J.: 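Just passing along the structure, written as structure tokens.
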Amino acid sequence: NFQPHNPSTFYIDSIESTQFCTSLSCPLSIERSAHLCVIPRYHCLLFQMRDSGMHCILVLCHTPSNTIIGSATLLLEHKFIHSAANRGRIEDVVVHPDHQGKQFGKLLLDVLILLAEAKNCYKLSLDCNDKALPFYEKLSMEHQEGQRFMCIKFFD
């Protein structure tokens, strides 16, 4: 059960919110020193992602500081097979280090899972390192033995 210290100080919003795109700041550090900061040079990309209908980006906001402390993305892939259903992919799950261990990551993922069902996803998957497997298994996700993924990294 999710029970933050003071539930009224946190809320989940989506990238579709004008408030998110214009008024929140984000000190949220993401892997390898990248930063998710809503500044003018990102607005165009954020709006393109929003308007594509294929990105559902959730942000967890801290009301008193007006900052984003967590984020997670549901990426939708429309399929020709599976009765034209969607395949969902969970991407970019991150919670600020000061707020880790408080079940905020679980909260974001619970919302994404419900969203994936509502968006007619026949499958929901994610890539993670071995260290994160127990966390995702607690959310009823199953590690598919023998499954591998291949990638080409163009930059870190």
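We use all heavy atoms of the structure for the numbers below, so side chains are in, but hydrogens, waters and symmetry mates are not. None of the values given here were measured: they were computed from a predicted structure.
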J.: Can you name the nearest heavy-atom pair linking Leu108 to Gly70, along with the distance?
T.: CD1-C, 3.9 Å
J.: Considering residues at least two apart in sequence or located in another chain, which fulfil the side-chain contact (heavy atoms from CB on, under 4.5 Å) criterion with Asp92?
T.: Thr73
J.: Taking C-beta and beyond as the side chain, do Pro64 and His62 meet within less than 4.5 Å on heavy atoms?
T.: yes
J.: Rounded at 0.5 Å granularity, tell me how far CD in Gln100 sits from CD1 in Ile69.
T.: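 Gln100 atom CD to Ile69 atom CD1 measures 10.5 Å (nearest 0.5 Å).
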J.: Kindly write out the residues that satisfy side-chain contact (heavy atoms from CB on, under 4.5 Å) with Asn129, not counting sequence neighbours, or none if the list is empty.
T.: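 Only Lys131, Ala132 meet the side-chain contact (heavy atoms from CB on, under 4.5 Å) criterion with Asn129.
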J.: For a side-chain contact (heavy atoms from CB on, under 4.5 Å) check, start with the C-alpha distance between His96 and Ile68, then their side-chain angles and the critical distance, and finish with the verdict.
T.: CA-CA 9 Å; His96 189 280; Ile68 299 167; over 6 Å; no
J.: Just wondering, do Leu76 and Cys121 contact through their side chains at under 4.5 Å, heavy atoms?
T.: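 Heavy-atom side-chain distance check passes, below 4.5 Å.
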J.: Is the closest side-chain heavy-atom distance between Ile12 and Leu107 below 4.5 Å?
T.: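 The answer is yes, as the side chains (C-beta and beyond) meet within the 4.5 Å cut-off.
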J.: Spell out, yes or no, whether Ile113 and Tyr122 are grouped together once hydrophobic residues are joined by side-chain heavy atoms under 4.5 Å, including indirect joins.
T.: no
J.: Is the ring pair Phe104/Phe10 parallel, tilted or perpendicular, if the boundaries are 30 and 60 degrees?
T.: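 Rings of Phe104 and Phe10: tilted, 30 to 60°.
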J.: Between His78 and Met54, is there a side-chain heavy-atom distance shorter than 4.5 Å?
T.: yes
J.: I'd like to know if Glu77 and Lys79 make a salt bridge, using a cut-off of under 4.0 Å between side-chain N and carboxylate O.
T.: yes
J.: From the options Leu126, Leu112, Asp110, select the one residue that forms a side chain to side chain contact (heavy atoms under 4.5 Å, CB included) with Leu139.
T.: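 Only one option passes, and that is Asp110.
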J.: Please say which of Leu75, Val111, Leu115 ends up in a side chain to side chain contact (heavy atoms under 4.5 Å, CB included) with Cys56.
T.: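 It is Leu115, the one option of Leu75, Val111, Leu115 that forms the side chain to side chain contact (heavy atoms under 4.5 Å, CB included) with Cys56.
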J.: Report the distance from atom NE2 of His55 to atom OG of Ser14, rounding to the nearest 0.5 Å.
T.: 13.5 Å
J.: If you round to the nearest 0.5 Å, how far is CD of Glu91 from CD1 of Ile57?
T.: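 Reported value, rounded in 0.5 Å steps: 11.0 Å.
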J.: Rounded to the nearest 0.5 Å, what separation is found between the CZ atom of Arg87 and the CD1 atom of Ile81?
T.: 10.5 Å
J.: Can you hop from Leu124 to Phe135 via hydrophobic side chains spaced under 4.5 Å?
T.: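 Hydrophobic grouping puts Leu124 with Phe135.
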J.: A quick test of your reading: do over 12 heavy atoms of other residues, nucleotides or ligands sit less than 6.0 Å from CG of Asp130?
T.: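 Counting other residues, nucleotides and ligands, CG of Asp130 stays at 12 neighbours or fewer.
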J.: Is Val93 close to Leu109 at the side-chain level, that is, under 4.5 Å between some pair of heavy atoms?
T.: yes
